*Asks:* 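Below you will find the structure I want to go over with you.
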Amino acid sequence: MKRAMLVIAVVALAAFAQEKFKQRENKDRKEFAGKIVCIGCQQQQQDGGANSMCTLHSKHALGLLMEDGTLWTFVDNNRGHHLITSKKLLGKNVKVLGWSFPKTQYIEAWKYDLQKGEKWVEYDYCKICGFEEGDHEDTDFCEDCREE
């Protein structure tokens, strides 16, 4: 009986969380422009910098350094994970469209544009899986995206 009640409580909590997630509006998204940097290395380079040990612990997790020096982290979900982990993006200029969480300096990414030369290339999901063209033979989709 206790187990059944626990399952019901977990399902109700998940439904509440999902409903709360749906309350955000696309019109509330903002664009954030900057350069993709290693968060730990960036903090270590500051005066009195952090002993980030990013090679050991955070594996050089990436974030967004804006022109004003503000350092933002990405929410690590299906859309933000690539921005955090893809070393191909390190040092690249990007424009991220998403929702901000200013008290925590987090951006939940929806999509982003990557600067290539003088033009901006839009990256949306599913191409975002981090794979290069041809990595999956005849498709640019990752396994998860192919299932949809």
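For this chain, numbers begin at 1 and follow the sequence in order. If you're wondering where the values come from, they're calculated on a predicted model, not measured in any experiment.
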*Asks:* Would you check if the side chain of S86 reaches a backbone N or O of H82 as a donor-acceptor pair within less than 3.5 Å?
*Replies:*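 Pair absent, no side-chain N/O of S86 close to backbone of H82.
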*Asks:* Would you compute the distance between atom CD of E122 and atom CG of L97 and round it to the nearest 0.5 angstrom?
*Replies:*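 One finds 9.0 Å between CD of E122 and CG of L97.
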*Asks:* Which residues satisfy the side chain to side chain donor-acceptor pair (under 3.5 Å) test with T70, sequence neighbours excluded?
*Replies:*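 Testing T70 for side chain to side chain donor-acceptor pair (under 3.5 Å), a comparison that skips the adjacent residues, returns D68.
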*Asks:* What residues form a side chain to side chain donor-acceptor pair (under 3.5 Å) with K27, not counting sequence neighbours?
*Replies:*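 With neighbours one apart ignored, the set is empty.
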*Asks:* Can you see which heavy atom on W99 is nearest to which on E25, and at what distance?
*Replies:*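 W99 and E25 have their closest heavy atoms at NE1-O, 3.0 Å.
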*Asks:* If you define the side chain from C-beta out and look only at heavy atoms, does anything of F101 sit under 4.5 Å from V75?
*Replies:*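 Touching, per the 4.5 Å side-chain cut-off.
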*Asks:* I need the T73 OG1 to Y106 OH distance, nearest 0.5 Å.
*Replies:*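 Nearest 0.5 Å value for the OG1-OH distance: 5.0 Å.
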*Asks:* Please name all residues satisfying side-chain contact (heavy atoms from CB on, under 4.5 Å) with K95, sequence neighbours left out, ordered by chain then number.
*Replies:*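 Expected list: E31, A33, D113, W120.
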*Asks:* Would you name the heavy atoms of A61 and K87 that are closest together and state the gap between them?
*Replies:*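 So the two residues come closest at N-NZ, 4.4 Å.
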*Asks:* Are any side-chain N or O atoms of K111 and backbone N or O atoms of R79, one a donor and one an acceptor, separated by less than 3.5 Å?
*Replies:*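 Looks like no, no N/O pair under 3.5 Å.
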*Asks:* Show the nearest heavy-atom pair for residues L64 and F74, with the distance to one decimal.
*Replies:*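 Closest approach of L64 to F74, heavy atoms only: CB-CZ, 3.7 Å.
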*Asks:* Quick one: ring pair (Phe, Tyr, Trp, His ring centres under 6.0 Å) pairs with a partner in residues 25-46, sequence neighbours left out?
*Replies:*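 Of all non-adjacent pairs touching residues 25-46, those that pass ring pair (Phe, Tyr, Trp, His ring centres under 6.0 Å) are F32-W72.
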*Asks:* Return the CG to NE2 distance between D76 and H81, rounded to the nearest 0.5 Å.
*Replies:*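 Rounded to the nearest 0.5 Å, the CG-NE2 separation comes to 5.5 Å.
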*Asks:* Mind checking side-chain contact (heavy atoms from CB on, under 4.5 Å) for K116 and listing every partner two or more places apart, or none if nothing turns up?
*Replies:*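 Scan of K116 (side-chain contact (heavy atoms from CB on, under 4.5 Å), adjacent residues dropped) gives L114, V121, Y123.
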*Asks:* Are side-chain heavy atoms of N77 and E108 found at a separation under 4.5 Å?
*Replies:*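 They are in side-chain contact.
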*Asks:* So which residues get pulled into I39's cluster when ILVMFWY side chains under 4.5 Å apart are joined, directly or through others?
*Replies:*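 V37, L65, L71, which link up through side-chain heavy atoms under 4.5 Å apart, make up the rest of the cluster.
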*Asks:* Which residues satisfy the side chain to side chain donor-acceptor pair (under 3.5 Å) test with Q44, sequence neighbours excluded?
*Replies:*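 Q44 satisfies side chain to side chain donor-acceptor pair (under 3.5 Å) with S52 once adjacent residues are dropped.
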*Asks:* For L62 and L83, work out which heavy atoms get closest and say how close.
*Replies:*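 Residues L62 and L83, closest heavy atoms: CB-O, 3.2 Å.
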*Asks:* Could you list the residues that satisfy side chain to side chain donor-acceptor pair (under 3.5 Å) with Q115, not counting sequence neighbours?
*Replies:*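 Only N93 meet the side chain to side chain donor-acceptor pair (under 3.5 Å) criterion with Q115.
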